[in-house]
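Okay, so here's the structure we're looking at.
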Amino acid sequence: MNTFEKIYSIVSMIPPGKVATYGQVAFMVGNPRLSRVVGYALHRNPSPETIPCFRVVNRFGECSGSFAFGGEDAQRVLLEEDGVSFIGNRVDMKKCQWTGEMI
DNA sequence: CGAGTGACAGGAC
DNA sequence: TGTCCTGCCACTC
């Protein structure tokens, strides 16, 4: 089980209606400082079908900008479809941040 | 194998 | 959650 495998496994474990931060995923992987690698792993995203990368956001609860999914708005729509609440342009981390203990 | 790079986090101001 | 600076890990050339 490589670091990337762990990252993909954890990301695919995120339940609908919840989001996780890169730091959160990195922490669950075992190294809180793997946040950059988490972003890199999702950037590679070998299996977009099984890896809901749109459920992974930065600590602010938003995406870095327009990239995959087809745009930043696309991610917002996808999360809203999942039941994630939004506050302005960010995710309601208070209610939708995945702790990893809910699954 | 060294240097550069990246979808970040955390602390300080 | 504003901005600036630093650290860290894995991957590519």
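Order of the sequence lines sets the chain letters (A, B, ...), proteins ahead of strands, with each chain counted from 1.
Taking CE of A:M93 as the start and CZ of A:F60 as the end, the distance is 10.5 Å to the nearest 0.5 Å. Interatomic distance, NZ of A:K95 versus NZ of A:K18, reported as 10.5 Å (0.5 Å rounding). The structure places OH of A:Y40 at 14.5 Å from OG1 of A:T3, a figure rounded to the nearest 0.5 Å. In this structure, A:F86 CZ and A:E62 CD are separated by 10.0 Å, a value rounded to the nearest 0.5 Å. Between A:Y22 atom OH and A:L42 atom CG the span is 5.5 Å, to the nearest 0.5 Å. Rounding to the nearest 0.5 Å places CG of A:N31 at 9.5 Å from CD1 of A:I7.
Nearest approach of A:F27 to A:P32, heavy atoms of both residues: CD1-CG, 3.8 Å. Residues A:S9 and A:S12 share a closest heavy-atom pair of O-OG, 2.7 Å.
Taking the ring axis of A:F4 as reference, the NZ or CZ atom of A:R44 does not stay both within 45° of it and closer than 6.0 Å to the ring centre.
In this structure, A:Q75 contributes its side chain and A:F54 its backbone to a donor-acceptor pair below 3.5 Å. The backbone N or O of A:V84 sits nowhere less than 3.5 Å from a side-chain atom of A:D82 that would complete a donor-acceptor pair.
Between A:Y8 atom OH and C:dC11 atom P there is a gap of 9 Å when expressed in whole angstrom units. Here the P atom of nucleotide B:dC8 and the CE atom of A:M93 are 14 Å apart, to the nearest Å. Following rounding to the nearest Å, A:Y40 (OH) and C:dC9 (C1') show an atom-to-atom distance of 12 Å. Computed from coordinates, the A:I7 CD1 to B:dC8 P distance equals 13 Å when rounded to whole Å. For A:N58 and B:dG6, the CG to C1' distance is 14 Å, given to the nearest whole Å. A:K6 places its NZ atom 13 Å from the C1' atom of C:dC9, with the value rounded to the nearest Å. If you measure from atom CZ of A:R44 to atom P of B:dC8, you get 16 Å, rounded to the nearest angstrom. Residue A:F27 contributes atom CZ, which lies 16 Å from atom P of C:dC9 at whole-angstrom precision.
Nearer to the 5' terminus of DNA chain B, by closest-nucleotide assignment, is the contact made by A:V37 (compared with the other of A:V37 and A:V57).
Listed by first residue number, the stems of DNA chain C with at least three Watson-Crick or G-U pairs below 3.5 Å are B:2-6 with C:9-13, B:8-13 with C:2-7.
As rounded to the nearest Å, C:dT1 and B:dC8 have C1' atoms that lie 15 Å from one another.
Applying a 4.0 Å cut-off to non-hydrogen atoms, the residues of residues 29-36 of chain A that approach DNA chain C are A:R33, A:L34, A:R36, listed by residue number.
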Restricting to nitrogen or oxygen on both sides, can you table the protein-nucleotides 2-5 of chain C pairs closer than 3.5 Å?
{"from": "C:dG2", "atom 1": "OP1", "to": "A:R90", "atom 2": "NH2", "distance (Å)": "2.3"}

